[in-house]
Amino acid sequence: ESASGWCMPLALMLMVEQSLGSESAHAPYVSALPDRSYVPMMWSPDERQLLIGTEVQEAMQDEWEAATREWWGFVRPVCEGDGAHSPLRTCTLEHYLAARSLITSRAFRVDDAHG
């Protein structure tokens, strides 16, 4: 199952907190995070080649498609919508993917079937 829905708002808020730097109320925690998590979606093209033909490749492709839909459909307009004073005005798809990788590597949800 894609992380869309539960992940996007968390990744967006992480981007806000990161952009605030030391002004963030969560600065000590945010500054302790790495830039990104080493999840398959963040691997280099050569590394992703190792996944060809696996279920992981299919899952990664689904996540990539979901993440880019989220970026173009919601996150980018939010980042650009607040004008020159927005803390997110310089954010890119790469920033979003990095924030999303941190969220998906550290958070999970328990659905009705498992919880």
Side-chain angles (χ1 to χ4, degrees):
E1 178 181 346
S2 171
S4 293
W6 68 268
C7 177
M8 180 183 52
L10 292 173
L12 187 56
M13 289 310 301
L14 177 58
M15 290 169 58
V16 168
E17 297 302 325
Q18 289 172 325
S19 70
L20 293 173
S22 63
E23 299 293 316
S24 167
H26 307 287
Y29 175 75
V30 173
S31 67
L33 292 171
D35 291 338
R36 67 192 67 231
S37 287
Y38 193 66
V39 295
M41 191 166 61
M42 302 305 293
W43 291 2
S44 72
D46 287 342
E47 291 170 314
R48 287 194 304 262
Q49 289 292 316
L50 300 171
L51 300 175
I52 290 177
T54 68
E55 290 181 16
V56 174
Q57 178 199 21
E58 292 176 26
M60 182 197 59
Q61 185 62 37
D62 291 346
E63 283 300 313
W64 174 261
E65 291 170 5
T68 55
R69 276 194 312 273
E70 293 163 9
W71 170 255
W72 292 107
F74 183 77
V75 177
R76 183 173 179 252
V78 166
C79 292
E80 294 177 345
D82 232 1
H85 301 291
S86 170
L88 296 175
R89 68 186 172 284
T90 60
C91 287
T92 65
L93 174 59
E94 184 67 22
H95 290 129
Y96 178 63
L97 294 176
R100 195 177 191 279
S101 76
L102 290 170
I103 297 300
T104 59
S105 69
R106 286 164 173 76
F108 63 93
R109 68 180 192 91
V110 178
D111 60 16
D112 292 337
H114 297 96

| message | Is there a side-chain contact (heavy atoms from CB on, under 4.5 Å) between Tyr38 and Glu47? Walk through the geometry before answering. | response | CA-CA 11 Å; Tyr38 193 66; Glu47 291 170 314; 2.2 Å; yes
| message | Let me check something: do Val56 and Trp43 share a hydrophobic cluster, defined by ILVMFWY side-chain heavy atoms less than 4.5 Å apart, either directly or through other members? | response | yes
| field | ILVMFWY network linking Ile52 to Leu50, side-chain heavy atoms under 4.5 angstrom | value | no
Nearest heavy atoms of [X] and [Y], plus distance in Å:
| X | Y | answer |
| --- | --- | --- |
| Cys79 | Trp71 | SG-CZ3, 4.3 Å |
| Leu33 | Arg106 | CD2-NE, 3.8 Å |
| Val75 | Met8 | CG2-CG, 3.8 Å |
| Trp6 | Thr104 | CH2-CA, 4.4 Å |
| Arg36 | Ala98 | CB-CB, 3.9 Å |
| Ser105 | Val39 | CB-CG1, 4.2 Å |

| Does the side chain of Glu94 come within less than 4.5 Å of Met42's, by heavy atoms? | yes
Within this structure, what is the [atom1]-[atom2] distance for the pair [X] and [Y], rounded to the nearest 0.5 Å?
| X | Y | atom1 | atom2 | result |
| --- | --- | --- | --- | --- |
| Glu70 | Leu93 | CD | CG | 10.5 Å |
| Leu10 | Leu102 | CG | CG | 11.5 Å |
| Ser44 | Gln49 | OG | CD | 9.0 Å |
| His95 | Asp35 | NE2 | CG | 9.5 Å |

| Tyr29 atom OH: more than 12 heavy-atom contacts under 6.0 Å | no
Report, one line per pair, each donor and acceptor closer than 3.5 Å where one atom sits in a side chain of residues 13-23; sequence neighbours left out.
residue : atom : partner : partner atom : Å
Glu17   : OE1  : Ser24   : OG           : 2.3
Ser19   : OG   : Met15   : O            : 3.4
Ser19   : OG   : Val16   : O            : 2.7
Ser19   : OG   : Pro87   : O            : 3.3

| field | Glu65 and Gln61: CA distance, side-chain angles, deciding distance, side chain to side chain donor-acceptor pair (under 3.5 Å) verdict | value | CA-CA 6 Å; Glu65 291 170 5; Gln61 185 62 37; 3.0 Å; yes
| query | Which is it for Ser101 and Met41 under the side-chain contact (heavy atoms from CB on, under 4.5 Å) test, yes or no, and what are the steps along the way? | reply | CA-CA 8 Å; Ser101 76; Met41 191 166 61; 5.7 Å; no
